[in-house]
Amino acid sequence: QVRLVESGGGLVQIGEPLRLSCAAFGRAVNTYTLAWFRQSSGKNREFVAGVNTWRRLSAYYAGSLNDRLITWRDNTANTLYLEIHSLKPDDTAVYYCAADENGGSQSRYVGDFDYWGQGTQVTVSS
């Protein structure tokens, strides 16, 4: 079993950056695709960014967010990171980390991921 624990959320001001972390426990996840999703109140969970294990750990992003995000993984620390720049009120959501046992996947679909964290709340204050 893999347990994912997100951290780094909180209350931030518009325009500020934020870094989230997701630590994996129970098993090494260096062969898994790791990803970030978010869910705003009343909306479906949506894909944000992911990193698979192909092509030198290539990252892939939601098109609408691409220019404000960077995600990367540190396999020695069994951890996934997400930096969001120029935060907007629309970025307010619970951010979830997820792991897909298919390390070659570039999936953006909730149903493809095998493990989930409990989420961390990000609130962008206007």
Side-chain angles (χ1 to χ4, degrees):
Q1 275 287 12
V2 173
R3 184 167 67 93
L4 303 172
V5 180
E6 302 94 338
S7 60
L11 179 65
V12 293
Q13 299 296 314
I14 289 176
E16 291 187 347
L18 183 71
R19 179 182 291 189
L20 304 178
S21 300
C22 170
F25 301 92
R27 187 181 299 176
V29 292
N30 57 298
T31 60
Y32 292 26
T33 291
L34 302 177
W36 292 97
F37 289 76
R38 70 183 185 183
Q39 188 167 16
S40 304
S41 179
K43 296 185 178 180
N44 292 329
R45 194 167 298 188
E46 65 173 355
F47 170 77
V48 174
V51 188
N52 66 4
T53 62
W54 286 4
R55 299 179 182 177
R56 301 180 183 177
L57 307 181
S58 62
Y60 58 108
Y61 300 94
S64 61
L65 303 170
N66 189 27
D67 60 344
R68 297 192 294 118
L69 302 178
I70 180 169
T71 188
W72 70 100
R73 60 195 295 168
D74 182 346
N75 284 337
T76 60
N78 229 25
T79 301
L80 175 70
Y81 300 94
L82 177 71
E83 279 192 354
I84 313 172
H85 297 272
S86 303
L87 279 161
K88 305 174 181 180
D90 286 350
D91 294 319
T92 294
V94 178
Y95 285 73
Y96 297 91
C97 174
D100 179 354
E101 292 180 350
N102 179 0
S105 168
Q106 287 198 329
S107 177
R108 301 161 186 261
Y109 299 105
V110 169
D112 287 341
F113 287 81
D114 303 293
Y115 304 99
W116 291 86
Q118 82 289 348
T120 185
Q121 175 71 49
V122 173
T123 302
V124 183
S125 172
S126 57

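Heavy atoms only: backbone and side chains are in, while hydrogens, waters and symmetry mates are out.
Just one residue in the list Ser125, Ser86, Ser126 forms a side chain to side chain contact (heavy atoms under 4.5 Å, CB included) with Ile14, and that residue is Ser126.
Side-chain N or O atoms of Asn102 include none that pairs as donor or acceptor with a backbone N or O of Thr33 at under 3.5 Å. Side-chain atoms of Thr92 come within 3.5 Å of backbone atoms of Val124 as a donor-acceptor pair (strictly under, hydrogens ignored). At least one donor-acceptor pair closer than 3.5 Å links the side chain of Glu6 to the backbone N or O of Cys97. Judged purely by atom type and a 3.5 angstrom limit, Asn52 has no side-chain atom pairing as donor or acceptor with the backbone of Gln106.
With sequence neighbours left out, Glu46 forms a salt bridge (Lys or Arg N to Asp or Glu O under 4.0 Å) with Arg38. Applying the salt bridge (Lys or Arg N to Asp or Glu O under 4.0 Å) test to Arg19 and every residue at least two apart in sequence or in another chain returns Glu83. Residues that satisfy the side-chain hydrogen bond (donor to acceptor under 3.5 Å, both in side chains) test with Asp74, not counting sequence neighbours, are Thr76. For Ser40, the side chain to side chain contact (heavy atoms under 4.5 Å, CB included) test picks out Lys43, Ala93, with sequence neighbours left out. Residues forming a salt bridge (Lys or Arg N to Asp or Glu O under 4.0 Å) with Arg45 (at least two apart in sequence, or on another chain): none. Residues passing the side chain to side chain contact (heavy atoms under 4.5 Å, CB included) test with Leu69, sequence neighbours excluded: Val48, Ala49, Tyr61, Leu65, Leu82, Ile84. Under the rule for a side chain to side chain contact (heavy atoms under 4.5 Å, CB included), the partners of Ser7 that lie at least two apart in sequence or sit in another chain are Ser21.
The two atoms that bring Val94 and Gln121 nearest to each other are CG2-OE1, 3.2 Å, heavy atoms only. A pairwise comparison of heavy atoms in Val12 and Leu87 identifies CG2-CD1, 3.4 Å as the closest pair. Closest non-hydrogen pair, Gly9 versus Leu20, comes out as N-CD2, 3.6 Å. Arg73 and Val51 get closest at one heavy-atom pair: NH1-O, 3.0 Å. Contact record, Leu34 with Ala99: CD2-CB, 3.7 Å, taken as the closest heavy-atom pair.
Using modelled atom types and a 3.5 Å distance limit, the side chains of Ser107 and Asp100 yield no donor-acceptor pair.
Atom CH2 in Trp36 sits 8.0 Å away from atom OG1 in Thr120 (nearest 0.5 Å). In this structure, OG in Ser105 is found 5.0 Å from OH in Tyr60, a value given to the nearest 0.5 Å.
Note on residues 78-106: pairs passing ring pair (Phe, Tyr, Trp, His ring centres under 6.0 Å), not counting sequence neighbours, are Trp72-Tyr81. Sorted pairs that involve residues 111-126 and meet salt bridge (charged side-chain N to carboxylate O under 4.0 Å, His left out), not counting sequence neighbours, are lacking altogether. Evaluation of the ring pair (Phe, Tyr, Trp, His ring centres under 6.0 Å) test over residues 99-126, restricted to residues two or more places apart or in two chains, returns Phe37-Phe113, Phe37-Trp116. Pairs of residues two or more places apart, or lying in two chains, that qualify as salt bridge (charged side-chain N to carboxylate O under 4.0 Å, His left out) and include a residue from residues 58-71 are Arg68-Asp91.
A heavy-atom distance below 4.5 Å is not found between the side chains of Thr53 and Asn30.
Under a 4.5 Å side-chain heavy-atom criterion applied to ILVMFWY residues, the cluster that includes Phe25 comprises Val5 as well.
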